[in-house]
Number of protein chains: 2
Amino acid sequence: MAGIKDVAKKAGVSISTVSNVMNEKKPVSPELRQRVNEAIEALQYEVNPVGRGLKSNKTNQVGVIVPSFNQVYFPAILQGIHEAGFKFGYAISVFETGGDVERERQHVRFLQHSWIDGIILASYANGENISDRKYIRSLVNSSSRKKKIPVVSLENVLDPGIDAVVIDNKKAAGIAVNHLLEQGHKAIAHVAAPLRFQIGALRLEGYRETLEKAGLKFDGSLVCEGNYSPISGYQCMMELLEREKHFTAVFAANDQMGIGVIRALLDRGYRVPEDIAVIGIDNNFPSTLVTPSLSSVNLPKYELGYQAMYLLTERMKEPDKPRCVITLDTELIVRRSTSKEGSDTWNLLNW
Amino acid sequence: MAGIKDVAKKAGVSISTVSNVMNEKKPVSPELRQRVNEAIEALQYEVNPVGRGLKSNKTNQVGVIVPSFNQVYFPAILQGIHEAGFKFGYAISVFETGGDVERERQHVRFLQHSWIDGIILASYANGENISDRKYIRSLVNSSSRKKKIPVVSLENVLDPGIDAVVIDNKKAAGIAVNHLLEQGHKAIAHVAAPLRFQIGALRLEGYRETLEKAGLKFDGSLVCEGNYSPISGYQCMMELLEREKHFTAVFAANDQMGIGVIRALLDRGYRVPEDIAVIGIDNNFPSTLVTPSLSSVNLPKYELGYQAMYLLTERMKEPDKPRCVITLDTELIVRRSTSKEGSDTWNLLNW
DNA sequence: TTGTAAGCGTTATCAG
DNA sequence: CTGATAACGCTTACAA
């Protein structure tokens with residue numbers, strides 16, 4: 001594989017001229033440009049990003065750190081990130097934390113001294129304990145040697161100094177609960193996402209506010225905290241049933257738990273939605289496959305990833321522009337778990 | 001962030017000594033080692049991989065190129081790759097081709113001149129046309145400057161010179177078809193994966209051989225070629241029904257198409273499995289969620305990824321050892337789409 | 001407009 | 001055992 005020197009030799013020019021042709025930073029005469037381009041073509045030369053990186057403090061790599069390479073959620077986000085990355089000339093390195101903040105910090109640290117150009121982070125740190133808070137603050141001025149490394153937070157607003165791409169979790173929860181209210185439900189249980197994190201707390205908050213706005217009382221014993229997984233939804237539902245409280249509908253904080261909820265209800269002999277209705281958040285394709293199909297609030301997953309990558313490129317261009325939070329829209333999807341009129345077609349596309 | 005020079009200054013030694021302490025390539029006296037380690041600790045020094053990469057021709061980065069960041073298939077594979085990569089000290093860069101060989105070559109080319117240490121490739125090139133064949137050959141001696149870049153092929157045997165991690169596709173198809181035969185089916189249709197690729201061709205071959213071994217005649221008009229996607233399975237099934245041939249079972253080359261097949265059959269008023277039984281290959285979690293649940297042949301997806309990464313590290317250590325193909329085992333999973341006694345529980349774990 | 005040369009952070013060679 | 005120094009491939013002042 002050819003290097004810049006080979007090109008220079010072949011074209012009979014100096015290496016700086018080759019560099020200038022490639023980077024268009026300084027003007028080069030047409031003749032030389034021509035000769036250089038021919039040499040580049042002939043030798044199939046492409047710049048070596050390692051050499052360039054050393055000099056220019058840029059690697060054209062961004063790191064993506066997520067809790068899990070989750071089956072239903074992560075791929076679409078990664079597609080968005082990758083597509084935008086490809087467009088703007090960045091390669092994507094991926095890291096999984098398993099929800100372990102220590103491992104997350106390890107990955108961040110690794111990326112920082114890799115001279116990566118930016119980080120997209122779906123963090124599990126929550127600013128509750130002091131060490132997490134220090135860690136989050138450290139991200140703001142996260143720097144490699146002399147350059148700051150921009151961080152874009154995915155799905156939660158980490159720090160007033162960190163860009164983020166999110167959805168309005170409170171609103172999404174409100175959309176879900178409102179739908180149940182409109183169906184005539186007066187007693188609605190909630191299978192929550194982990195409450196020590198923003199997503200869980202905000203969706204709970206949206207649930208509570210929407211109930212109260214409708215003149216209903218919030219009842220903590222109708223809430224059970226899961227961990228996003230389908231099985232936790234199943235377990236929460238079983239626990240709620242054991243409490244023997246009255247409710248006719250369940251709002252699950254995500255579709256995966258919603259599916260677990262449906263399974264639990266069916267296993268206990270309830271009809272869905274006649275006895276108890278269920279709605280989730282995410283609008284993942286499996287929700288269309290179960291019977292009854294699960295109503296949900298759509299999250300624009302691909303868009304979330306794309307915008308995160310886009311925000312990162314903007315931040316790299318203008319490190320000092322004011323901090324930016326992009327909030328994407330959500331949308332109600334009515335299926336059979338809340339309404340006999342809901343859609344019941346399997347999603348056979350895009351998976 | 002501190003560099004090697006800062007450490008050297010702080011410890012009062014030369015940079016080579018610092019390097020020797022870090023890499024343990026040459027002995028260093030205990031006193032100096034101590035001083036250096038203290039300085040490293042104090043400054044939170046970690047080597048800069050860009051500088052190291054330039055010198056040592058190693059980046060500790062591995063590129064993974066796949067047709068799609070597929071929802072059901074890719075995440076588990078990536079988990080396996082990432083886990084093994086983390087263990088052996090490699091970061092994972094991911095690239096999606098959308099099944100476009102031109103884009104695939106673009107990514108490969110990019111990785112080659114990135115001085116990446118290795119490539120895991122799920123290729124869509126098929127050695128049919130001459131340009132593909134040349135491209136595949138070029139992977140064998142794929143080199144960046146002076147060093148060969150090892151390639152591990154995922155899911156298909158690309159070239160006699162390229163390591164691969166695969167499953168025995170013929171055998172997996174045989175397992176599926178045999179199961180149908182054991183259920184008493186004598187006329188079995190096949191919704192095939194793209195036949196110009198190994199996976200599709202081998203699964204078709206396994207289908208044909210198993211039929212013939214059972215004394216049944218292979219009938220090409222019972223075969224319809226899909227493209228892996230659920231919707232293509234749906235369309236194929238519709239087309240097979242229109243041909244008005246008799247069959248009582250369908251072997252779909254993957255679960256996604258199998259789910260499409262079930263949907264088509266239900267839409268046309270057939271009962272599954274009473275009128276027509278269906279089996280797939282993959283054992284993805286959505287297959288447990290549909291009604292009836294889809295029988296399948298399990299593929300060890302995580303293991304596929306883990307072994308690919310492992311193979312790569314072995315190859316990097318010993319570039320000249322004989323080429324290695326790892327074939328992983330598959331296993332029949334009986335659900336309701338082929339047998340009333342099959343399992344019908346939703347998979348609520350690991351997604 | 002073009003070329004020369006310094007230097008990015010590290011490793012490796014070789015002389016002390 | 002230790003340290004000076006030359007690479008690695010590239011960008012970028014600065015000199016011509």
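Residue numbers start from 1 in every chain, and the chains themselves are labelled A, B, ... in the order their sequence lines are given, proteins ahead of strands.
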Would you please classify the geometry between the A:Phe86 ring and the A:His82 ring as parallel, tilted or perpendicular, with 30° and 60° separating the classes?
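Geometry flag for A:Phe86 against A:His82: parallel rings.
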Please pick, from C:dC8, D:dC8, D:dT11, the nucleotide with the shortest atom-to-atom distance to any side-chain atom of A:Ile4.
D:dT11
With a 3.5 Å distance limit and no angle check, can you tell me whether A:Asp100 reaches the backbone of A:Thr97 through a side-chain donor-acceptor pair?
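A pair under 3.5 Å: no.
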Please check if the side chain of B:Asn23 supplies one atom and the backbone of B:Ser19 the other of a donor-acceptor pair under 3.5 Å.
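Side chain of B:Asn23 to backbone of B:Ser19, a donor-acceptor pair under 3.5 Å: yes, one is there.
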As an exercise, state the distance from CD1 of A:Ile65 to CZ of A:Arg103, rounded to the nearest 0.5 Å.
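The CZ atom of A:Arg103 is 12.0 Å from CD1 of A:Ile65, to the nearest 0.5 Å.
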Indicate whether any N or O donor in one side chain lies under 3.5 Å from an N or O acceptor in the other, for A:Tyr135 and A:Glu104.
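Yes.
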Can you see if the side chain of [X] gets near the phosphate of [N] - specifically, an N or O under 4.0 Å from OP1 or OP2?
X       : N      : value
B:Arg52 : C:dT11 : yes
B:Asn23 : C:dT11 : yes
B:Lys5  : C:dC8  : yes

Test: B:Arg196 and B:Glu128 ion pair at under 4.0 Å:
no
With a 4.0 Å cut-off, would you call A:Glu38 and A:Arg35 a salt bridge?
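Not counted as a salt bridge, because no side-chain N and carboxylate O are separated by less than 4.0 Å.
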Non-hydrogen atoms of B:Asp159 and B:Ile136 that approach each other most closely:
CB-CG2, 3.7 Å
Look for any protein N or O under 3.5 Å of an N or O in nucleotides 2-4 of chain C and output each such pair with its distance, or none.
unit_1	atom_1	unit_2	atom_2	d
C:dT2	OP1	A:Ser29	OG	2.2
C:dT2	OP2	A:Ser29	N	2.5
C:dT2	OP2	A:Ser29	OG	3.2
C:dG3	OP2	A:Ser14	N	3.1
C:dG3	OP2	A:Ser14	OG	3.3
C:dG3	OP2	A:Thr17	OG1	2.7
C:dG3	N7	A:Ser16	OG	3.2
C:dT4	O4	A:Ser16	OG	2.9

Can you give me the bend angle of the helix from C:dT1-D:dA16 to C:dG16-D:dC1? Use the axis through the first five pairs and the one through the last five, nearest 10 degrees.
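End-to-end axis angle: 50°.
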